[in-house]
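Below: one structure, written as structure tokens.
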Amino acid sequence: MMGWLLGIIVNAIVLMVVAGYFESFYLSSAVAAFIASIILSVLNFIVKPILVILTLPVTIITLGLFMFVINAITLMLTAALMGDAFVIDGFGMAILAAVIISILNMLIQTFIIDPIRKK
């Protein structure tokens, strides 16, 4: 439970960082970022495995790079569910945001969270 909550908080922070750098990626507030992070987490738990299985041949052919497209789809679904509080202008922005979010999550996990858990 604590790991899930920590992941939600990290995702909310990362979403706010991406929204701060790109005008076409809009979050209305920190609360909206937190809610978007929860919705994204639920979609990653329910929808993402289905998409991965359905697109497995394409993912294998692209050596896993198609996962960024799947992540972009879950981001777009999150934005659609949130309405005006979370807006992504275009699928290209969703893919760019998915790549940046993946990189930032990896860096935060590697350099901040893992060292704290090892103590």
Side-chain angles (χ1 to χ4, degrees):
M1 179 70 175
M2 197 61 154
W4 181 75
L5 185 60
L6 186 61
I8 295 292
I9 293 169
V10 168
N11 270 339
I13 292 169
V14 169
L15 287 172
M16 287 188 293
V17 167
V18 172
Y21 280 104
F22 298 101
E23 290 181 12
S24 55
F25 191 94
Y26 171 76
L27 274 165
S28 63
S29 65
V31 173
F34 187 74
I35 294 169
S37 182
I38 292 171
I39 292 171
L40 189 60
S41 175
V42 170
L43 288 175
N44 280 337
F45 183 74
I46 297 171
V47 176
K48 190 174 179 179
I50 296 167
L51 290 175
V52 169
I53 291 171
L54 290 175
T55 61
L56 193 59
V58 176
T59 305
I60 292 171
I61 289 170
T62 61
L63 302 175
L65 292 176
F66 196 75
M67 290 300 294
F68 290 122
V69 173
I70 293 172
N71 289 340
I73 291 169
T74 58
L75 271 175
M76 293 292 284
L77 285 171
T78 302
L81 290 172
M82 295 237 359
D84 291 336
F86 182 28
V87 177
I88 302 173
D89 293 336
F91 194 68
M93 182 64 227
I95 289 178
L96 179 62
V99 170
I100 293 170
I101 289 169
S102 296
I103 291 170
L104 288 176
N105 274 332
M106 181 194 64
L107 290 173
I108 291 171
Q109 185 74 32
T110 302
F111 294 114
I112 297 173
I113 295 174
D114 287 346
I116 290 173
R117 285 187 179 165
K118 289 181 182 177
K119 286 185 179 182

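Throughout, residue positions are numbered sequentially from 1 according to the sequence presented.
- Of the inter-residue distances, the one linking Phe34 atom CZ with Met16 atom CE reads 10.5 Å to the nearest 0.5 angstrom.
- Residues meeting the side chain to side chain contact (heavy atoms under 4.5 Å, CB included) test with Met82, sequence neighbours left out: Ala32, Ile35, Ala36, Ile39, Thr78, Ala85, Phe86.
- Between Phe22 atom CZ and Asp89 atom CG the span is 12.5 Å, to the nearest 0.5 Å.
- Tracing side-chain contacts under 4.5 Å through hydrophobic residues (I, L, V, M, F, W, Y), one reaches Leu15 starting from Leu104; they form part of the same cluster.
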Could you pull out every donor-acceptor pair under 3.5 Å between side chains of residues 44-56 and any protein atom, sequence neighbours left out?
from  : atom 1 : to    : atom 2 : distance (Å)
Asn44 : ND2    : Leu40 : O      : 3.4
Lys48 : NZ     : Asn71 : OD1    : 2.8
Thr55 : OG1    : Leu51 : O      : 2.7

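- A single hydrophobic cluster is seen to contain both Val14 and Tyr21, as judged by linkage of ILVMFWY side chains at heavy-atom distances under 4.5 Å, directly or through other members.
- For Asp114, the side-chain hydrogen bond (donor to acceptor under 3.5 Å, both in side chains) test picks out Gln109, with sequence neighbours left out.
- With sequence neighbours left out, the side-chain hydrogen bond (donor to acceptor under 3.5 Å, both in side chains) criterion links Asn105 to Asn11.
- Looking at every heavy atom in both residues, Ala98 comes nearest to Phe68 through CB-O, 3.8 Å.
- When hydrophobic residues (I, L, V, M, F, W, Y) are linked wherever their side-chain heavy atoms come within less than 4.5 Å, Leu63 remains an isolated member.
- Cluster annotation: Leu96 is connected to Val17 through the hydrophobic network of ILVMFWY side chains, with a link wherever side-chain heavy atoms come within less than 4.5 Å.
- Annotation for Leu75 and Ile88: closest pair O-CD1, 3.8 Å, computed over non-hydrogen atoms.
- Closest approach of Ser24 to Met93, counting heavy atoms only: OG-SD, 3.1 Å.
- In terms of modelled atom types and a separation under 3.5 Å, the side chain of Thr62 and the main chain of Thr59 share a donor-acceptor contact.
- No side-chain heavy atom of Val87 sits less than 4.5 Å from a side-chain heavy atom of Phe25.
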message = Evaluate Val69 against Val58 for side chain to side chain contact (heavy atoms under 4.5 Å, CB included), listing each step before the verdict.
response = CA-CA 11 Å; Val69 173; Val58 176; over 6 Å; no
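- For the side-chain hydrogen bond (donor to acceptor under 3.5 Å, both in side chains) test, residues two or more places apart in sequence or in another chain that qualify with Ser41 are Trp4.
- Minimum heavy-atom separation, Ser37 to Ala12: OG-N, 3.6 Å.
- Both Ile95 and Met76 are members of a single hydrophobic cluster when ILVMFWY side chains are connected at heavy-atom separations under 4.5 Å.
- Taking hydrophobic clusters as Ile, Leu, Val, Met, Phe, Trp and Tyr residues chained together by side-chain heavy-atom distances below 4.5 Å, Ile108 shares a cluster with Val18.
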